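What follows is a set of notes on a single structure, which appears directly below.
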There are 2 protein chains.
Amino acid sequence: MERLEKYYNQIKNSPVFYGMNDEELKGLLECFNARVRKYEKEEMIIRQGDMISNIYLILDGAVNIEKDSYWGRRIIISRLGKNDNLALSFVGSKDIESSVDAITVEDTLVLILGYEKCTSMCQNACSRHKVLINNLFQILSKENIELIQKIENVSQKTIRDKLMTYLSNEAQKNHSNKFSISFNRQDLADYLNVDRSAMSFELSKLQKEGLIAYNKNQFQLL
Amino acid sequence: MERLEKYYNQIKNSPVFYGMNDEELKGLLECFNARVRKYEKEEMIIRQGDMISNIYLILDGAVNIEKDSYWGRRIIISRLGKNDNLALSFVGSKDIESSVDAITVEDTLVLILGYEKCTSMCQNACSRHKVLINNLFQILSKENIELIQKIENVSQKTIRDKLMTYLSNEAQKNHSNKFSISFNRQDLADYLNVDRSAMSFELSKLQKEGLIAYNKNQFQLL
DNA sequence: ACATTTCCGTTGTTTTTACAACGAAGAGAA
DNA sequence: TTCTCTTCGTTGTAAAAACAACGGAAATGT
C-alpha cells in the first residue's frame, strides 16, 4: 500500500476515477484490492487466451497491444502509454478470453484493480461503483473511436497513403504539424502492416518530394 | 407510440434493456422520448461530422458503417443488423463528432432514444439508468472486440489470408463450417480493403484447391 | 416476355509491395 | 577506445495486387 500512496495523485487524476472525492477513491481502491506492479521491458502483462478480471491502468511506461497471426507475423494493434487502460473490453465482456497480447515496450508500472471481486460484492450498493462504470463507459468509447481511426490508417491502399493518413492523424492529436512518434520503424511498420524497408523507402521519398520532414522520430508535415 | 408498441417485445429482449422489468422499460422509453423511424434503402442515418446524442437500435434491416477516404475510396468498417447499436461510442464520448457514416443497405427500422435528454434530467436519480449504463458498457465491450477482430482480418498480408481469416471467423461465429454471409462481393471487398475482381479470382482459386466451397453467399470451409 | 441493370467471374497489363541482402550510423558495453 | 548489437536507409528482384475491360448470369422493372 505504501508504493500505491506514491502514485495517489496520478491515480486520482486518471480518467478512471474522474469525479470522485478522496473518500470515494480510497474506498474504491480498497474494495478493488488495488495494487501496483512493475513489469520489466518486454514482459507480457496479458496473454492471448487469458481470462481478464482486472482493470489495468498504466501509471508509467509503454505497452503494445499485439496479436500474432498464425504464421509468425506480428500485428501491433495499438501502443498505450501513461494513463491508458489495458484490455478494458475483455473485462466488460463476461466469459470472453483475451484475443490479444499486452507486452511492455519498456519498464512499466501498472495499477491493478480486481474488478470481479468488487462488483460481486457491492453489486447495486455502492455509489462509487456507479461513477466508475460511467467513467469506464466513456473510456471505452474513446478506445473504440481510436480503433476506428486505426482501421482508417491501415485501410489505405498504398504505403504512402497509410503513412500520410497516420501522420496526419498524429499531427491532429498533437495539435501541431511538428510532433514525435513513439514507434520505432519496425513497430510502425507492424502497426501499419507493411514491410519495414519498403516503408523506409517511401518515407525518404516523401521527404525528397517535400511533403514531410523527419529526423529519427521527429516528424513535420509541410 | 402505437408503432413502438408493435416492437415492444423485441425491444424488451434487446441487450440494451437486458435485466429490466416492464415498468422500468416503459419508464425509460418515455424518459428517453423513444421513437421508431423507418429509413429507405441507402439512406444515411448518420453522417461524418454529426454530433450524436441519440442511441440507435436497429429493429430490422441492415446498416453499413462506412468511411470515405479522401479519394473516393469507400471503407466498410462494419455491417450491422437486427439488435445492433449504431455509433454508441460517439454517444459516450462527449463533444466528439462522428468520424463515420451509417448507411442503410436495405429498408431499415430503427429505435431512437434521446440519450442526452434523459441523462441530464435523471442524472443520479433513476435506477433504470444504472442498469442501462451497465448494459451499454457491455455492448460497447463487444463492439470493441469485434473491431479488434476486424483489424485482424484486414491486417493479413495477402488477399488469400484475409479471406481465410474472415471466413474462419465467420464460421466460428456461426458455430458451423457452413454459413452465409451478408456481404455481396463488392461490399466484402470494401470490408477487406481489396480489389473486387482480384478477390473474386482468389475465391475461385480457393475453391479449385478444395479449401472452401461456395455458391453465391453460401460458404463452406473444407 | 423483353429490356435494362446489377452482380460476378475471368484475363492481361501495370503498379506496388514484400523479401532478402547489405552498409552506414548510433547506442551501449567491455 | 574498440567491439558488438541494434536501427535505419537503400537497392534489386520476385511476388502480389490494383486496374481496366469484357462477357455471362441473375435480378429487376416494364
Side-chain angles (χ1 to χ4, degrees), chain A residues 40-42 62 64 69 71-76 79 105-107 153-167 180-209 211-219, chain B residues 40-42 62 64 69 71-76 79 105-107 153-167 180-209 211-219:
Chain A
E40 309 270 317
K41 180 176 177 181
E42 293 183 355
N64 274 347
S69 92
W71 216 64
R73 237 171 68 82
R74 179 179 73 148
I75 300 168
I76 294 183
R79 159 78 51 101
V105 183
E106 57 194 52
D107 288 2
N153 287 338
V154 303
S155 295
Q156 302 302 320
K157 260 194 319 287
T158 65
I159 294 182
R160 162 174 296 236
D161 287 344
K162 288 185 185 183
L163 281 170
M164 289 308 286
T165 304
Y166 169 74
L167 292 173
S180 69
I181 67 175
S182 62
F183 286 128
N184 62 25
R185 295 293 187 272
Q186 182 62 62
D187 284 356
L188 180 57
D190 287 344
Y191 178 81
L192 296 177
N193 299 305
V194 296
D195 180 68
R196 181 196 58 79
S197 63
M199 188 190 73
S200 255
F201 183 64
E202 196 66 40
L203 272 175
S204 58
K205 210 160 68 172
L206 282 169
Q207 181 153 240
K208 275 172 199 153
E209 293 176 20
L211 288 167
I212 68 173
Y214 64 93
N215 186 310
K216 288 206 55 166
N217 289 1
Q218 274 283 345
F219 284 81
Chain B
E40 309 270 317
K41 180 177 177 179
E42 291 183 357
N64 273 347
S69 93
W71 215 64
R73 236 171 68 82
R74 178 179 73 148
I75 300 168
I76 295 184
R79 160 77 51 101
V105 184
E106 56 194 52
D107 288 3
N153 286 338
V154 302
S155 294
Q156 302 301 320
K157 262 193 317 288
T158 65
I159 295 182
R160 162 175 295 237
D161 287 343
K162 288 185 185 182
L163 281 170
M164 289 308 286
T165 304
Y166 168 74
L167 292 174
S180 69
I181 67 176
S182 63
F183 287 127
N184 62 25
R185 295 293 187 274
Q186 182 62 61
D187 284 357
L188 179 57
D190 287 343
Y191 177 81
L192 296 177
N193 300 303
V194 296
D195 179 69
R196 179 196 59 78
S197 64
M199 188 190 74
S200 255
F201 182 63
E202 196 66 40
L203 272 175
S204 58
K205 210 159 68 173
L206 282 169
Q207 180 153 241
K208 275 172 200 154
E209 294 177 18
L211 287 167
I212 68 172
Y214 65 91
N215 186 310
K216 289 207 55 169
N217 289 1
Q218 274 283 343
F219 284 80

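Nothing here was measured: the structure is a model prediction, and the numbers come from that model. Each chain gets a letter, A, B and so on, in the order its sequence line appears, and its residues count up from 1.
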B/Asp190: what forms a side-chain contact (heavy atoms from CB on, under 4.5 Å) with it, not counting sequence neighbours?
B/Arg74, B/Ile76, B/Gln186
With a 4.0 Å limit, can you tell me whether A/Ser200 has a side-chain N or O closer than that to the phosphate oxygens OP1/OP2 of D/dT10?
no
Indicate whether any N or O donor in one side chain lies under 3.5 Å from an N or O acceptor in the other, for B/Asn217 and B/Ser180.
no
Are the side chains of A/Leu163 and A/Glu202 in contact, using a 4.5 Å heavy-atom criterion?
yes
Would you please name every residue forming a ring-ring contact (aromatic ring centres under 6.0 Å, His included) with A/Phe201, sequence neighbours left out?
none
Might you list the N or O atoms of the protein lying below 3.5 Å from N or O atoms in nucleotides 20-26 of chain C, with each pair's distance?
unit_1, atom_1, unit_2, atom_2, d
C/dA20, N6, A/Ser197, OG, 3.3

Sorted by chain and number, sequence neighbours left out, salt bridge (charged side-chain N to carboxylate O under 4.0 Å, His left out) with A/Glu40 holds for none
N or O in side chain of B/Tyr214 less than 4.0 angstrom from C/dG9 OP1/OP2:
yes
Axis-to-axis angle across the helix from C/dA1-D/dT30 to C/dA30-D/dT1, five pairs an end, to 10 degrees?
50°
Could you state the atom-to-atom distance from CE of A/Met199 to C1' of D/dT10 in whole Å?
14 Å
Side-chain atoms of B/Asn217 come closest, of D/dA17, C/dT17, C/dC8, to C/dC8
For B/Glu106, all residues meeting side-chain contact (heavy atoms from CB on, under 4.5 Å), sequence neighbours excluded
B/Ala62, B/Thr108
Under 4.0 Å between any heavy atoms, over every strand shown, what does A/Asn193 touch: base, sugar-phosphate, or nothing? Just pick one.
sugar-phosphate
In terms of side-chain heavy atoms of A/Ser204, which of C/dT10, D/dC8, D/dT10 is nearest?
D/dT10
With a 4.0 Å cut-off on heavy atoms, is B/Leu203 in touch with a base, just the backbone sugar-phosphate, or nothing at all?
nothing
Is the ring pair B/Tyr191/B/Phe183 parallel, tilted or perpendicular, if the boundaries are 30 and 60 degrees?
tilted
Is it the case that the side chains of A/Ser155 and B/Asn193 hold a donor-acceptor pair, with the cut-off being a distance below 3.5 Å and no angle test?
yes
